[in-house]
Amino acid sequence: MLEKFVSFLRVPEHTHSMFPGITKCSDSSLIIHCQSGSGFESADAVMYQFRSIDGGKTWQFEGQIPGYAKLDFSEPFSYCSKPAALADGTLLSAGYGARRDKPEMTLSDYSREFGRYPEFYNFLLRSSDNGKTWNNFEWIEHEYAGIENSGPLVQLNDGSLIFTGAPFVLNAPVNRGLVFKSDCSGRNFKEYSCFFEDENIIPFETRSVQFADGTIAIIFWAYDLKNDKNLNNHIVFSGDNGKTWSRAFDSGLAGQAANLFVYKDRLFALQARRSGDAPGLFINEIFIGKDKISTGNDICLWSANGTKGKTGEINQLFESLKFGQPSILTDDDTCLLVFWSAVSGTYQIEIHGFNINFLNV
């Protein structure tokens, strides 16, 4: 496998730049959105933008998004979103944020102290000029205390848009993974379906993709809240544009914050593996059978060099993370791997460019 280039990004004057998302604009430039602040889960953590005009080799910092944010409350609003380009060239960055009524506390400390999270809100940011300017928050209304839509929107073959995630509840009698769907403009999102339901397992870090034939796949990090245990990533499928879903298939892959991408009608999973003797970022092809799935051999894109996080109680696990949220963008003959990593107590965004031929196996 030939690595063509590596780039590192960090928001100026901040020590923690994390949770990147990447998309290609209609003018062929690339943008990355990442959350950055003074610390992990800090109240000043908001979104910033970088742009590349040379295929990801070099990047220019373009500041906070949105540039002007008007809120109806006085508390700090820490937020995170991922960008996506629509067929008409519009850019939408979708995500969620927390209203920090106790700004001195991390979100993990808050949940331990009060047994719940602070108020969360889901939103869209919209740009009609390739990300040069962004509109103010468009709030997504629903009945839940926030949805963990940590992946980008997916525009389906019929033009409609979906996002997926679990409600921000740690003590629900039943844990659910939900699909929200909108019209082609990304307005009027409504709860559409439930892709997963279980009393003990919560579907964290969902990522979605659609095949050319219309099949939708969602991968999620299955976490057993009752037993404080990480399970393998699970995958569900829909053949009717997200209205109904298959049972959840155990991928056999043990990793968190996984992603999916399709290349030449083949499905691949990209994982952050933080346990075992060789943690790092791995790709596996997913083979779909009639009533089962199987996986191809590991392809290691990045080694964590022995770095491991803790296991066990969920808040401790979050606080010990050293790398994660990988995504792949295929662009001409290049495959761009984007993720965040910890270096000497600070966090940075990494972009690795590979010759895409390694997928032609």
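Computed over heavy atoms, backbone and side chain alike; hydrogens, waters and symmetry mates excluded. Quick note: residue numbers are just sequence positions, from 1.
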Are F282 and W302, when compared by the centres of their aromatic rings, separated by less than 6.0 Å? no

For the rings on Y96 and W139, is their centre-to-centre separation under 6.0 Å? no

Please check if the number of heavy atoms outside Q60 that lie under 6.0 Å from its CD is greater than 12. yes

Run K4 and D333 through salt bridge (charged side-chain N to carboxylate O under 4.0 Å, His left out) and show every step you take. CA-CA 11 Å; K4 301 170 69 173; D333 63 346; 3.6 Å; yes

Give, for atom CG of L153 and atom CG of L156, the distance between the pair rounded to the nearest 0.5 Å. 10.0 Å

Under a 4.0 Å threshold between the charged nitrogen and the carboxylate oxygen, would D250 count as salt-bridged to K292? no

Separation between CZ of R207 and CD1 of I235, rounded to the nearest 0.5 Å: 13.5 Å

According to the interplanar angle, ranging from 0 to 90°, do the rings of F220 and F195 count as parallel (below 30°), tilted (30 to 60°) or perpendicular (above 60°)? tilted

Geometric cation-pi criterion, R274 with F323: 6.0 Å, 45°: yes

Which of parallel (below 30°), tilted (30 to 60°) and perpendicular (above 60°) describes F168 and F120? parallel

Please confirm whether F204 and W221 have ring centers closer than 6.0 angstrom. yes

Ring centers of F268, F261 separated by less than 6.0 Å: yes

Distance (rounded to the nearest 0.5 Å) between L337 CG and I283 CD1: 7.5 Å

Going by an N to O cut-off under 4.0 Å, is there a salt bridge joining K102 and E104? no

Taking the side chain as every heavy atom from C-beta outward, state whether Q49 and Q64 have any pair of such atoms under 4.5 Å apart. no

Classify the ring geometry of H33 against W134: parallel below 30°, tilted from 30° to 60°, perpendicular beyond 60°. perpendicular

Enclosure of N297 CG (heavy-atom neighbours >12, cutoff 6.0 Å): no

Would you please say whether a donor-acceptor pair under 3.5 Å links the side chains of S127 and D129? yes

Can we say R99 and E75 salt-bridge, meaning some charged N sits less than 4.0 Å from an Asp/Glu carboxylate O? yes

Closer than 4.0 angstrom, basic N to acidic O: yes or no for D54 and K57? no

Give the ring-plane orientation class for F8 versus H352, where under 30° counts as parallel, over 60° as perpendicular and anything between as tilted. perpendicular

If you round to the nearest 0.5 Å, how far is CZ of F287 from CG of L267? 10.0 Å

Classify the ring geometry between W340 and F19 as parallel (under 30°), tilted (30 to 60°) or perpendicular (over 60°). perpendicular

F137, Y79, F73 screened by ring pair (Phe, Tyr, Trp, His ring centres under 6.0 Å) with Y121, the one that passes: F73

Got a second to check how far T58's OG1 is from I53's CD1, nearest 0.5 Å? 7.0 Å

Given the rule in the side chain to side chain contact (heavy atoms under 4.5 Å, CB included) test, do V338 and I32 qualify, once you have shown the distances and angles that lead to the verdict? CA-CA 9 Å; V338 182; I32 282 177; 4.0 Å; yes

Distance (rounded to the nearest 0.5 Å) between I140 CD1 and S182 OG: 8.5 Å

Working for side-chain hydrogen bond (donor to acceptor under 3.5 Å, both in side chains), residues S238 and D240: CA-CA 6 Å; S238 174; D240 56 7; 2.9 Å; yes

